[in-house]
Amino acid sequence: GCGQPLPWTISALEAAADLADLQECLSDKEKALFKKSIENLTRDTPQTSVAVERLKILSTKFAKTSLEAVKSIVISVATEAAKKALFPHA
């Protein structure tokens, strides 16, 4: 339906959530914030810029191997503006 995420977007968001759950150095609150932030990157809203900043902070706590996977998921689902804000040199 209109406004609903596409199936591959849902799969990507679930994969990102699973990666967050694997990060032992993130608190449960940080994991929840990460999941909410990833979702906010899929459409341009006032929360998108907040989500970008949250991800920048939280991603510093991710294991390097997980970070690459998260980056590839974000690139596949995020809006162009969010991608440019997160990865300005990509």
Side-chain angles (χ1 to χ4, degrees):
C2 189
Q4 296 300 312
L6 297 167
W8 57 85
T9 302
I10 293 169
S11 294
L13 293 174
E14 288 170 353
D18 290 344
L19 284 168
D21 286 337
L22 292 172
Q23 305 311 304
E24 294 176 2
C25 55
L26 291 181
S27 69
D28 288 342
K29 182 181 179 185
E30 288 170 324
K31 289 175 185 179
L33 279 173
F34 175 83
K35 294 169 190 178
K36 180 180 176 185
S37 297
I38 286 278
E39 233 175 271
N40 284 330
L41 297 179
T42 64
R43 57 200 174 285
D44 288 319
T45 70
Q47 283 297 311
T48 305
S49 58
V50 175
V52 165
E53 293 309 311
R54 262 197 216 121
L55 280 178
K56 285 179 182 177
I57 293 165
L58 293 173
S59 66
T60 63
K61 297 183 174 191
F62 270 68
K64 289 233 184 283
T65 51
S66 297
L67 201 52
E68 281 305 309
V70 167
K71 181 178 178 180
S72 110
I73 291 168
V74 168
I75 288 171
S76 75
V77 298
T79 65
E80 286 304 311
K83 284 189 260 194
K84 285 180 181 154
L86 277 168
F87 313 111
H89 305 293

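The basis for the numbers below is simple: all heavy atoms, side chains too, and nothing from hydrogens, waters or symmetry mates. Small disclaimer: the values here were computed from a predicted structure and weren't measured.
- There is no path of hydrophobic side-chain contacts, each under 4.5 Å, that joins I10 to F34.
- With a 4.5 Å cut-off on side-chain heavy atoms, K56 and L86 count as touching.
- Under the 4.0 Å criterion applied to side-chain N and carboxylate O atoms, E39 and K36 are not assigned as salt-bridge partners.
- One N or O on the side chain of T48 and one on the backbone of N40 form a donor-acceptor pair closer than 3.5 Å.
- Between I75 and K83 the shortest heavy-atom distance is O-NZ, 3.2 Å.
- A salt bridge is absent between E68 and K71; no separation between the charged side-chain nitrogens and carboxylate oxygens falls under 4.0 Å.
- Inter-residue side-chain proximity for E80 and D44 is flagged as unmet; no heavy-atom pair is nearer than 4.5 Å.
- Residues L19 and A69 share a closest heavy-atom pair of CD1-CB, 3.6 Å.
- Under the side chain to side chain contact (heavy atoms under 4.5 Å, CB included) criterion, A63 pairs with Q23, T65, S66, sequence neighbours left out.
- I57 is not connected to F87 by any chain of hydrophobic side-chain contacts under 4.5 Å among Ile, Leu, Val, Met, Phe, Trp and Tyr, and they are in different clusters.
- In summary, of the residues considered (D28, D18, D21), a salt bridge (charged side-chain N to carboxylate O under 4.0 Å, His left out) with K35 occurs for D21 alone.
- The side chain to side chain contact (heavy atoms under 4.5 Å, CB included) test with L41 is passed by exactly one of I73, L55, L13: L55.
- Checking side-chain atoms of S37 against main-chain N and O of V50 turns up no donor-acceptor pair under 3.5 Å.
- Looking at heavy atoms from C-beta onward, L26 lies in side-chain contact with F62 at the 4.5 angstrom threshold.
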